[in-house]
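Just follow the structure's listing: the first ligand is 1, and inside any ligand the first atom is 1.
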Amino acid sequence: MKKINIAIDGYSSCGKGTLAKQMAQSLGYLFVDSGAMYRAVTLYLLENIIEISDEIAVSKALENIQLEFHPSKENNRFEIHLNGRNVESLIREIHIANKVSFVAKISAVRKKLVEIQQQIGEHKGVVMDGRDIGTVVYPDAELKIFMTASNEVRAQRRFNEMIAAGKNVTLEEVSANLIERDTIDSSRDDSPLTLNESYHLLDNSNITPNQQFELAMSWVNELLD
Ligand code: CDP
């Protein structure tokens, strides 16, 4: 059976991961959360007190960062390990979200992570979500989806998710973080989040996860038929 790569890009917290996971599961593909890699690098820099604005220090630090995805024992998903330590929960903290877009602007960081992401997708059969997957990581991905939703819906969803995971945040903090990240991610020089005509646009403000899954799978089936 023909295998394809699927790129899902879009604004912060608009359900890219949820859709990517469902599609990967249904197709028997690998799901890769590229944002987790940027978050893990951010965690490393903060823990090791490396100044994010010092690009030389950040580049040097990258030599000491090893990232791996391992299947989790409890649920059917992959979790990110930073230098052998499972940091899947730690990287979801608001203090990481508040810094990650500054780290993701740095070209040396992007170069290292994009290389890993491209290796993972070499043999196809990958669903990867992020900001630059369809433009830079897999420009030749057979299916590209650009997701968006209203600011209110996105902030409320992410707030609910974080509260359910036991994080200590307010809706205002979450909302401000999403807006700030979207601005930085869309305006940076290196690999900005960009919608072009190669993408299918999916606004999920008013549709259920099931409806969005059906729609996305109809695009896949058109390609695989
Ligand atoms: O899940 P959420 O939408 O909140 O974000 P994420 O996918 O975990 O990504 C966190 C941050 O990493 C983004 O705001 C970007 O700054 C950066 N990122 C990136 O620059 N390129 C990617 N391919 C993925 C994430």
Side-chain angles (χ1 to χ4, degrees), residues 5-21 31-46 52 58 67 69 77-80 82 87-121 126-139 141 144-151 153-162 164-165 167 169 173-195 199 202 204:
N5 277 342
I6 301 174
I8 306 185
D9 289 313
Y11 295 106
S12 302
S13 188
C14 53
K16 300 184 297 292
T18 304
L19 177 64
K21 256 177 252 168
F31 159 60
V32 183
D33 172 2
S34 71
M37 301 169 77
Y38 290 91
R39 287 170 178 266
V41 170
T42 305
L43 175 67
Y44 181 92
L45 299 176
L46 293 180
I52 289 168
V58 171
L67 299 175
F69 287 96
R77 53 184 277 205
F78 281 80
E79 297 188 330
I80 194 155
L82 166 63
V87 294
E88 184 64 38
S89 174
L90 269 181
I91 60 165
R92 309 287 163 197
E93 298 284 345
I94 191 82
H95 72 277
I96 300 295
N98 283 336
K99 291 282 185 271
V100 63
S101 288
F102 296 96
V103 173
K105 278 165 65 167
I106 303 171
S107 291
V109 173
R110 304 206 69 81
K111 186 166 177 286
K112 174 173 170 127
L113 301 192
V114 167
E115 253 171 45
I116 301 172
Q117 292 154 5
Q118 289 179 331
Q119 270 170 18
I120 296 174
V126 171
V127 187
M128 191 176 290
D129 81 303
R131 303 294 183 287
D132 60 340
I133 311 306
T135 51
V136 175
V137 180
Y138 305 147
K144 301 181 191 179
I145 302 174
F146 191 100
M147 288 179 66
T148 184
S150 72
N151 288 357
V153 165
R154 293 189 291 130
Q156 190 65 52
R157 280 187 196 148
R158 178 53 53 93
F159 174 71
N160 295 347
E161 227 173 74
M162 291 180 81
K167 314 279 183 212
V169 279
E173 267 178 299
V174 172
S175 174
N177 172 254
L178 297 188
I179 293 168
E180 179 180 59
R181 280 199 286 137
D182 287 346
T183 308
I184 301 173
D185 295 344
S186 310
S187 63
R188 66 186 177 214
D189 292 331
D190 191 342
S191 322
L193 172 65
T194 314
L195 172 62
Y199 285 92
L202 201 168
N204 67 10

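- For the pair Ser13 and ligand 1, a heavy-atom separation below 4.0 Å is found.
- Proximity of Gln117 to ligand 1 is not established, as no heavy-atom distance is less than 4.0 Å.
- Here the side chains of Arg39 and Ile80 are not in contact, with every heavy-atom distance at 4.5 Å or above.
- Of the protein's non-hydrogen atoms, the one nearest atom 10 (C) of ligand 1 is Arg181 NH1, 3.4 Å.
- Residues Tyr199 and Phe146 bring their aromatic ring centres within 6.0 Å.
- Annotation: side chain of Ser12 is in contact with side chain of Arg131 (closest heavy-atom distance under 4.5 Å).
- Among protein heavy atoms, the minimum distance from atom 8 (O) of ligand 1 is reached at Arg39 NE, 2.6 Å.
- Evaluated by nearest non-hydrogen atom to atom 7 (O) of ligand 1, the leading choice among Glu161, Arg131, Lys16 is Arg131.
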Is there a side chain to side chain donor-acceptor pair (under 3.5 Å) between Gln156 and Asn160? Walk through the geometry before answering. CA-CA 6 Å; Gln156 190 65 52; Asn160 295 347; 3.1 Å; yes
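- Residue Asp185 approaches ligand 1 through these ligand atoms, each under 4.0 Å from one of its heavy atoms: 13 (C), 14 (O), 15 (C), 16 (O).
- Close contacts between ligand 1 and Ala104 involve ligand atoms 16 (O), 17 (C), 20 (O) [criterion: under 4.0 Å to a heavy atom].
- Between Arg110 and ligand 1, a contact under 3.5 Å exists for at least one N or O pair.
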I'd like to know whether Ile8 forms a side chain to side chain contact (heavy atoms under 4.5 Å, CB included) with Val127, so could you lay out the CA-CA distance, the side-chain angles of the two residues, the decisive distance to 0.1 Å, and finally the verdict. CA-CA 7 Å; Ile8 306 185; Val127 187; 3.9 Å; yes
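- Counting heavy atoms under 4.0 Å from ligand 1, residue Met37 does not touch it at all.
- Contact check for Leu82 versus Leu67: side-chain heavy atoms found under the 4.5 Å cut-off.
- Between Asn204 and Leu19 there is no side-chain heavy-atom pair separated by less than 4.5 Å.
- Atom numbering of ligand 1 starts at 1 in the shown order; those under 4.0 Å from a heavy atom of Gly35 are 6 (P), 7 (O), 8 (O), 9 (O), 24 (C), 25 (C).
- Note: an N/O pair closer than 3.5 Å links Arg188 and ligand 1 by distance alone.
- Interface atoms of ligand 1 facing Asp132, defined by a heavy-atom separation under 4.0 Å, are 21 (N), 22 (C), 23 (N).
- Taking 4.5 Å as the limit, every side-chain heavy atom of Leu195 sits out of range of all side-chain heavy atoms of Thr148.
- Heavy-atom neighbours of Tyr38 OH from other residues, nucleotides or ligands within 6.0 Å: above the threshold of 12.
- Contacts of Ile133 with ligand 1, taken as heavy-atom pairs under 4.0 Å, involve the side chain alone.
- The closest approach between any non-hydrogen atom of Arg158 and ligand 1 is below 4.0 Å.
- Remark: among candidates Ser34, Gly134, Ala20, Ala7, the nearest residue to atom 24 (C) of ligand 1 is Ser34, based on non-hydrogen atoms.
- Ligand-side atoms of ligand 1 in range of Gly130: 22 (C), 23 (N), 24 (C), range being under 4.0 angstrom from any heavy atom.
- Considering only non-hydrogen protein atoms, atom 18 (N) of ligand 1 sits nearest to Tyr38 CD1, 3.7 Å.
- Atom NZ of Lys167 is surrounded by more than 12 heavy atoms from other residues, nucleotides or ligands within 6.0 Å.
- A heavy-atom distance below 4.5 Å is found between the side chains of Val137 and Gln118.
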